[in-house]
Amino acid sequence: MLKRHRVYVISTTLMALLVALGVAAPQAFQNISETVLNTLGHYFGWFYLISTFVFVVFLLGLAMSRYGKIRLGPQNSGPEYGVFSWLSMLLSAGFGVGLVFYGMAEPIQHLTEPPHGLAEPGGAQAATLAMQYSFFHWGMNQWAAFTLVGLIIAFFQFRKERPGLVSTMVEPATVKLPGRQGLSDSLDVLAVVATVMGVATSLGLGILQMNGGLHTVFGWADSFWTKAAILGAMFVCYTASSYSGLDKGIRVLSNLNMALCLGFMGYMLFTGPTVLILDNFVNGLGAYLGNYIEMALTIPPLEDRDWMNRFTLFYWAWVIAWSPFVGTFVARISKGRTITEYVLGVLLVPPLLACAWIAVFGTTALDLQLSGGVDLAGPVADDVANALFQMYQALPFSTFLSGVTMLILFVFLVTSADSASYIVSQMTDHGSLNPPLYKRLTWGVLISAICLTLIVASGLEGLQSASLLAALPFAMVLFLMMGVLMSQLRADRRAMLVELYQRNAETPVGADVFEADDFTDLPPEKRIRRRLNFNRKP
């Protein structure tokens with residue numbers, strides 16, 4: 001019994017210990033976690049930067065390569081979900097509360113503290129850099145690790161019919177190592193712990209923002225009972241969604257939230273500074289793409305790294321640590337798509353929508369700040385959770401705007417909890433595509449209990465810092481997974497070409513001249529001679 005459920009037992013035990021530390025000594029726990037994280041950033045900051053950049057280049061190259069037509073499943077299969085539902089679920093899993101939380105606040109943060117000190121605070125150049133770096137932080141690099149993990153898991157799970165676990169992805173490279181089972185279990189436990197810590201933190205931040213909105217707009221008490229009521233309502237909705245399953249629960253909620261987000265963005269666009277928003281969106285994209293390599297690979301001197309540590313490195317560590325969760329979920333909903341379709345859809349579309357959201361809400365905030373209409377820098381610095389609602393107070397129909405925002409936050413919280421419990425159940429059920437309901441509900445209860453406990457004990461920030469410590473080992477594992485994927489893709493393409501060769505009277509259909517040589521009976525020296533003759537100019 002213990003042997004079969006060892007990943008579940010070990011991961012729950014570790015989570016209990018971490019939560020106990022966060023409750024017993026929240027400030028000390030946070031200080032220790034941040035010290036370790038800063039040390040890793042000092043010595044391995046370059047590694048985080050180069051990793052996300054390499055992931056983006058690798059994925060785009062793979063999408064445009066000859067492997068792009070390979071499907072994540074049988075070659076004659078098709079997608080399980082329509083494009084709108086697929087993209088909606090991608091956004092719910094990958095962005096969720098974070099985009100609502102920081103979409104308006106991050107441009108204001110960069111306005112008052114320009115990236116790398118490249119401009120004077122509060123000026124027009126600082127505003128331009130604010131949009132440029134906000135787009136960068138929510139762009140392709142953020143989705144690169146998610147896309148890579150999801151691609152590899154989907155390939156093995158649906159094409160090779162292997163369990164959808166992180167350990168399975170590196171199995172071909174570790175099969176001959178001593179203690180392989182211990183290494184596999186360690187990777188799976190690390191994935192579970194990082195997922196639970198990250199989700200509990202995100203739920204906690206979302207609950208704090210909803211509570212802040214209720215307090216600012218409707219005068220509700222900023223108390224434990226208000227937060228508990230929000231979490232309780234979320235849990236009831238999550239339970240109903242979980243009982244309905246992936247196809248009905250998460251898909252319906254994700255479609256609802258996508259429609260809400262698009263409609264809300266449209267309203268804010270046409271009732272706000274429309275031309276300025278559109279100008280900033282286009283200029284922001286141009287600055288982001290035009291300066292992409294410089295932003296992706298810039299490392300300032302040691303004494304000037306404070307901004308980078310708090311923003312760029314924090315984001316990259318966060319997404320790498322979250323990649324097993326988001327990647328596994330993305331893989332689960334991407335069966336039947338080609339590699340090209342998958343990469344372009346996951347790596348490009350969600351970042352584009354995120355940039356549009358930031359352009360709308362960030363530009364509105366910057367316009368209010370720079371015009372002197374309202375001071376948002378102070379609220380952002382004091383409490384990011386309340387800053388968005390402070391901005392609404394300066395706009396028409398502020399109560400309506402706050403209500404819609406809280407509805408979007410609530411649905412994001414429900415879908416995040418539902419998808420997280422689904423994926424953690426899968427991770428602790430040997431990679432099953434349909435983990436049992438009791439496991440999904442158990443993990444949902446545990447995540448909610450952890451979230452509420454840490455809110456009461458003020459331990460959310462410590463748990464968030466601790467979750468980022470998983471980023472370094474996972475980044476190294478991702479490079480190993482890239483090598484395994486390329487080896488498997490080459491073998492897969494060769495198998496398909498051999499099948500075509502045999503089905504077409506030993507004609508090398510679809511192969512280039514070098515691949516065609518592999519299917520012939522010519523001795524090596526004749527193959528080389530034929531290649532030389534083929535390449536010789538007339």
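These values consider heavy atoms only, across backbone and side chains, with no hydrogens, waters or symmetry-generated copies.
- Rounded to the nearest 0.5 Å, atoms CH2 (Trp46) and CD1 (Ile299) are 9.0 Å apart.
- Side chain of Thr415 to main chain of Phe412: a donor-acceptor pair is present (N/O by atom type, distance under 3.5 Å, no hydrogens or angles).
- Judged by distance alone, the side chain of Ser487 and the main-chain N or O of Gly483 form no donor-acceptor pair under 3.5 Å.
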side-chain hydrogen bond (donor to acceptor under 3.5 Å, both in side chains) assessment of Asp492 paired with Tyr67
CA-CA 9 Å; Asp492 222 50; Tyr67 303 115; over 6 Å; no
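- Across all non-hydrogen atoms, the minimal contact from Pro74 to Ser77 is O-OG, 2.6 Å.
- Thr340 places a side-chain N or O within donor-acceptor distance of the main-chain N or O of Gly68, the cut-off being under 3.5 Å.
- The shortest side-chain heavy-atom distance between Leu49 and Asn141 does not fall under the 4.5 Å cut-off.
- With a 4.5 Å cut-off on side-chain heavy atoms, Phe135 and Met295 do not count as touching.
- Using a distance-only test at 3.5 Å, with no hydrogens or angles considered, a donor-acceptor pair links the side chain of Asn283 to the main chain of Asp279.
- Although no hydrogens or angles enter the test, the distance criterion places no donor-acceptor pair under 3.5 Å between the side chain of Arg159 and the main chain of Leu72.
- Between Tyr102 and Phe361, the distance from one ring center to the other does not fall under 6.0 angstrom.
- For Tyr133 and Trp307, the ring centers are positioned less than 6.0 Å apart.
- Ser323 places a side-chain N or O within donor-acceptor distance of the main-chain N or O of Ile320, the cut-off being under 3.5 Å.
- Counting only distance, with no hydrogens or angles, the side chain of Ser85 and the backbone of Gly82 share no donor-acceptor pair below 3.5 Å.
- Counting heavy atoms from C-beta on, the side chains of Leu214 and Met406 come closer than 4.5 Å.
- Ring centers of Tyr267 and Phe397: at least 6.0 Å apart, outside the cut-off.
- Of all heavy-atom pairs between Leu60 and Val343, the closest is N-CG1, 4.5 Å.
- With hydrogens and angles disregarded, a donor-acceptor distance shorter than 3.5 Å links the side chain of Tyr342 to the backbone of Thr147.
- Side-chain contact check for Gln426 versus Phe329: every heavy-atom pair is 4.5 Å or farther apart.
- Between the side chain of Ser398 and the backbone N or O of Ala394, no donor-acceptor pair lies under 3.5 Å.
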Would you check, one step at a time, whether the test ring-ring contact (aromatic ring centres under 6.0 Å, His included) holds for Tyr315 with Phe136?
CA-CA 11 Å; Tyr315 276 123; Phe136 171 59; 9.4 Å; no
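- Looking only at distances, no side-chain donor or acceptor of Thr312 sits under 3.5 Å from a matching main-chain atom of Met308.
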